[in-house]
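One structure is given below, encoded as structure tokens.
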Amino acid sequence: MADKLQPQTRAIRGQMDQTQYREHSTPLFLTSSFTFDSAEEMAETFSGEREGIIYSRYSNPSVDELIAKACALEGTEAGFATASGMAAVFASLAALVQQGDHIVATRALFGSTHQLLTNLLPKWGVTFTYVEPDQPDTWAAAVQPNTVLFCTETPSNPGLKLVDLAAAGRLCKEHGLLFVVDNCFATPVLQRPAEFGADLITHSATKWMDGQGRVLGGLLLGNQAVMDKVVTFCRHTGPAMSPFNAWTISKSLETLHLRMDAHCRSALALAHWLGEQQAVAKVHYPFLESHPQYALARRQMDAGGGIVTFELKGGITAAQRLLNAVELCTRSSNLGDTRTILTHPATTTHSKLTPEERALVGISDGLVRMSVGLEAVVDIQGDLLRGL
Ligand SMILES: *Cc1c(COP(=O)(O)O)cnc(C)c1O
């Protein structure tokens, strides 16, 4: 029956089986290992002849519940949960490439993903080429004989450039590349890359999935063949998510649809309002008609997401003045919280990029990233006016 239910219902009702206590809300399995009735049962479980849970670095009931719900939301066959989003991103690449391989990636990736490609993977002889996210016609030219994987992120952080997932899916099919998507910004509520042929989807569950700024977490979700490799890699390298964090995020998924709906509605309203403010030079939001990829946004996303970025006419001084003036919104680098958060990328999350690199990914000195929370829109507006 469960397979026939809508994803949002499965995020609520896709709980693990009840224990003998017949609890309504699922319990937390804080245990590092599991026991066996006999030596034979233990041997059969280890060999894989018998299904069973062995050790929480491999699997755990609280973690498995989260994975099952996340697979239902993304429409994927299998998954693995990691301690953070970056553990998932690292595993998504490290499990699938080997020495001498080449990756094609869209520019404007999450900061630490950029570090992985530029500074860490080259240590093991893996190279990469950046392509422009909004120019799909140029991507094929970057594919080399040793290219094995195309990795992307859409909408991008913080420029909110979109990547045409259908075009990426076609490129990967044509050239036999693995197709890996970081779907953190959109969440499966708004965009499901598996529908466009993605083999592997990563998430920082720290963001909208937990949605309340409490725990770190990451997810790897994909087709069975790819996940077999990823799970083997993760079992032996140990990035497993803690059962406590999995239990917390699993509860959060029950309200993900509801929360994303509210985040997106407020974000769209604020994007329009910011466009009318004197101090604001430009607003970026996928569901604004002024977004250069508005038509693509409508094609591949169900709503514009919870992040709005805007450029202030006064550059760095104006951006810092705004961040210092707010009393309700929070200055923080996180996103995807019930609380509205402001970040100044040029001096924080993207300060390690050179000014030229920042320009290429559309991060001007006056750019402010706003992760729209669930407070009343009028209260957020009143707070922003203190500094605009
Ligand atoms: C935050 C984030 C990550 C990293 O996740 P952590 O949970 O902080 O490790 C990766 N990708 C994107 C798009 C993110 O926003």
>> With a sphere of 6.0 Å drawn around CD of Q99, does it hold more than 12 non-hydrogen atoms of other residues, nucleotides or ligands?
In response: no
>> T317 vs L312, test: side chain to side chain contact (heavy atoms under 4.5 Å, CB included). Steps then yes/no.
In response: CA-CA 9 Å; T317 320; L312 294 174; over 6 Å; no
> Among the clusters formed by ILVMFWY side chains lying less than 4.5 Å apart, do L93 and M86 turn up in the same one?
Replying inline: yes
> Under a single-linkage definition using a 4.5 Å side-chain heavy-atom cutoff for Ile, Leu, Val, Met, Phe, Trp and Tyr, are V143 and Y130 assigned to the same hydrophobic cluster?
Replying inline: no
>> Would you compute the distance between atom CG of L270 and atom CE of M370 and round it to the nearest 0.5 angstrom?
In response: 4.5 Å
> Side chain of T154, backbone of S156: donor and acceptor closer than 3.5 Å?
Replying inline: no
>> Looking at D210 and I249, would you say the former's side chain and the latter's main chain have a donor-acceptor pair under 3.5 Å?
In response: no
> Any side-chain heavy atom of D302 sitting closer than 4.5 Å to one from V189?
Replying inline: no
>> Strictly by side chain to side chain donor-acceptor pair (under 3.5 Å), give each pair with a member in residues 173-188 just once, sequence neighbours left out.
In response: E74-N183, N183-Q191
> Does the side chain of E357 come within less than 4.5 Å of H114's, by heavy atoms?
Replying inline: yes
>> Please check: side-chain N/O of E41 versus main-chain N/O of D37, any donor-acceptor pairing under 3.5 Å?
In response: yes
>> Could you check whether any side-chain heavy atom of L335 comes within less than 4.5 Å of a side-chain heavy atom of T343, counting everything from C-beta outward?
In response: no
> Atom CG of L288 and atom CG of L268: how far apart are they, to the nearest 0.5 Å?
Replying inline: 6.5 Å
>> For the CG atom of N245 and the OG atom of S62, what is their distance to the nearest 0.5 Å?
In response: 11.0 Å
> Closest approach of Q293 and D134, non-hydrogen atoms and distance?
Replying inline: NE2-CB, 3.3 Å
> Closest heavy-atom contact between T82 and A87?
Replying inline: CB-CB, 3.8 Å
> Quick one: are T106 and F150 in side-chain contact, heavy atoms under 4.5 Å?
Replying inline: yes
> Would a 4.5 Å heavy-atom cut-off, applied to side chains only, mark E311 and H284 as touching?
Replying inline: yes
> Are V368 and I380 connected, step by step, through hydrophobic side chains (Ile, Leu, Val, Met, Phe, Trp, Tyr) whose heavy atoms are closer than 4.5 Å?
Replying inline: yes
>> Given E254, which partner from the list R10, K69, R259 fulfils the salt bridge (charged side-chain N to carboxylate O under 4.0 Å, His left out) test?
In response: K69
>> Using side-chain heavy atoms (C-beta onward) and a distance below 4.5 Å, is K282 in contact with L367?
In response: no
> For A225, does its backbone N or O pair with a side-chain atom of D228 as donor and acceptor, under 3.5 Å?
Replying inline: no
> Between the side chain of T255 and the main-chain N/O of L258, is any donor-acceptor distance below 3.5 Å?
Replying inline: no
> Should E44 and R50 count as an ion pair when the cut-off is N to O under 4.0 Å?
Replying inline: yes
> Are any side-chain N or O atoms of H263 and backbone N or O atoms of I307, one a donor and one an acceptor, separated by less than 3.5 Å?
Replying inline: no
>> Evaluate K313 against Q278 for side chain to side chain contact (heavy atoms under 4.5 Å, CB included), listing each step before the verdict.
In response: CA-CA 9 Å; K313 288 177 184 159; Q278 268 300 316; 4.0 Å; yes
>> Is the ring pair W124/F90 parallel, tilted or perpendicular, if the boundaries are 30 and 60 degrees?
In response: tilted
>> Between I341 and W208, is there shared hydrophobic-cluster membership here, with clusters defined by ILVMFWY side-chain heavy atoms closer than 4.5 Å?
In response: no
> Would a distance-only check, ignoring hydrogens and angles, find a side-chain to backbone donor-acceptor pair under 3.5 Å from E153 to F110?
Replying inline: yes
> What's the verdict on side chain to side chain donor-acceptor pair (under 3.5 Å) for H102 and T147, showing C-alpha distance, side-chain angles and the deciding distance?
Replying inline: CA-CA 4 Å; H102 175 255; T147 307; 2.7 Å; yes
> Looking only at heavy atoms, what is the nearest atom pair of S371 and G336, with distance?
Replying inline: OG-N, 2.9 Å
>> Can you confirm whether more than 12 heavy atoms, excluding those of D17, are under 6.0 Å from its CG atom?
In response: no
> Can you hop from L216 to L220 via hydrophobic side chains spaced under 4.5 Å?
Replying inline: no
> Should the heavy atoms of other residues, nucleotides or ligands under 6.0 Å from CD of E276 be counted, would the total exceed 12?
Replying inline: yes
>> As a quick check of understanding, evaluate side chain to side chain donor-acceptor pair (under 3.5 Å) for T9 and R13, giving each step before the final call.
In response: CA-CA 6 Å; T9 308; R13 289 291 175 180; over 6 Å; no
> Hey, does the side chain of W139 reach the backbone of A105 with a donor-acceptor pair shorter than 3.5 angstrom?
Replying inline: no
> Any side-chain heavy atom of P158 sitting closer than 4.5 Å to one from H350?
Replying inline: yes
>> Measuring only between side-chain heavy atoms, which start at C-beta, is M301 closer than 4.5 Å to L165?
In response: no
>> Show, in sequence, the C-alpha distance, side-chain angles and deciding distance for W247 and N60, and conclude whether the side chain to side chain contact (heavy atoms under 4.5 Å, CB included) test is met.
In response: CA-CA 10 Å; W247 177 84; N60 170 286; over 6 Å; no
>> Could you check whether R339 pairs with E375 (Lys NZ or Arg NE/NH1/NH2 to Asp/Glu carboxylate O, under 4.0 Å)?
In response: no
> Of the non-hydrogen atoms in C264 and G305, which two are nearest, and what is the gap between them?
Replying inline: SG-N, 3.4 Å
> Which is it for Q15 and T26 under the side chain to side chain donor-acceptor pair (under 3.5 Å) test, yes or no, and what are the steps along the way?
Replying inline: CA-CA 7 Å; Q15 294 164 287; T26 52; 4.8 Å; no
> Only one of D261, V372, T340 forms a side chain to side chain contact (heavy atoms under 4.5 Å, CB included) with S266, so which one is it?
Replying inline: V372
>> For a side chain to side chain contact (heavy atoms under 4.5 Å, CB included) check, start with the C-alpha distance between V215 and M209, then their side-chain angles and the critical distance, and finish with the verdict.
In response: CA-CA 10 Å; V215 296; M209 285 194 168; over 6 Å; no
> Is a side-chain N or O of R358 found less than 3.5 angstrom from the main chain of D365, in a donor-acceptor match?
Replying inline: no
> What residues, two or more places apart in sequence or in another chain, satisfy ring pair (Phe, Tyr, Trp, His ring centres under 6.0 Å) together with H257?
Replying inline: none
>> Within this structure, what is the CD-OG1 distance for the pair Q224 and T76, rounded to the nearest 0.5 Å?
In response: 10.0 Å
>> For the SG atom of C329 and the CG atom of L342, what is their distance to the nearest 0.5 Å?
In response: 4.5 Å
> Are the ring centres of Y285 and F287 closer than 6.0 Å?
Replying inline: no
> In Å, rounded to the nearest 0.5 Å, how long is the span from OG of S204 to CG of N334?
Replying inline: 7.5 Å
>> Tell me whether D199 contacts the main-chain N or O of L178 through its side chain, where contact means a donor paired with an acceptor under 3.5 Å.
In response: no
>> I'd like to know whether NZ of K229 has more than 12 heavy-atom contacts from other residues, nucleotides or ligands below 6.0 angstrom.
In response: no
>> Minimum heavy-atom separation for P7 and A72, please, with both atom names.
In response: CB-O, 3.8 Å
> Which pair of heavy atoms, one from Y55 and one from S32, lies closest together, and at what distance?
Replying inline: CD1-O, 3.2 Å
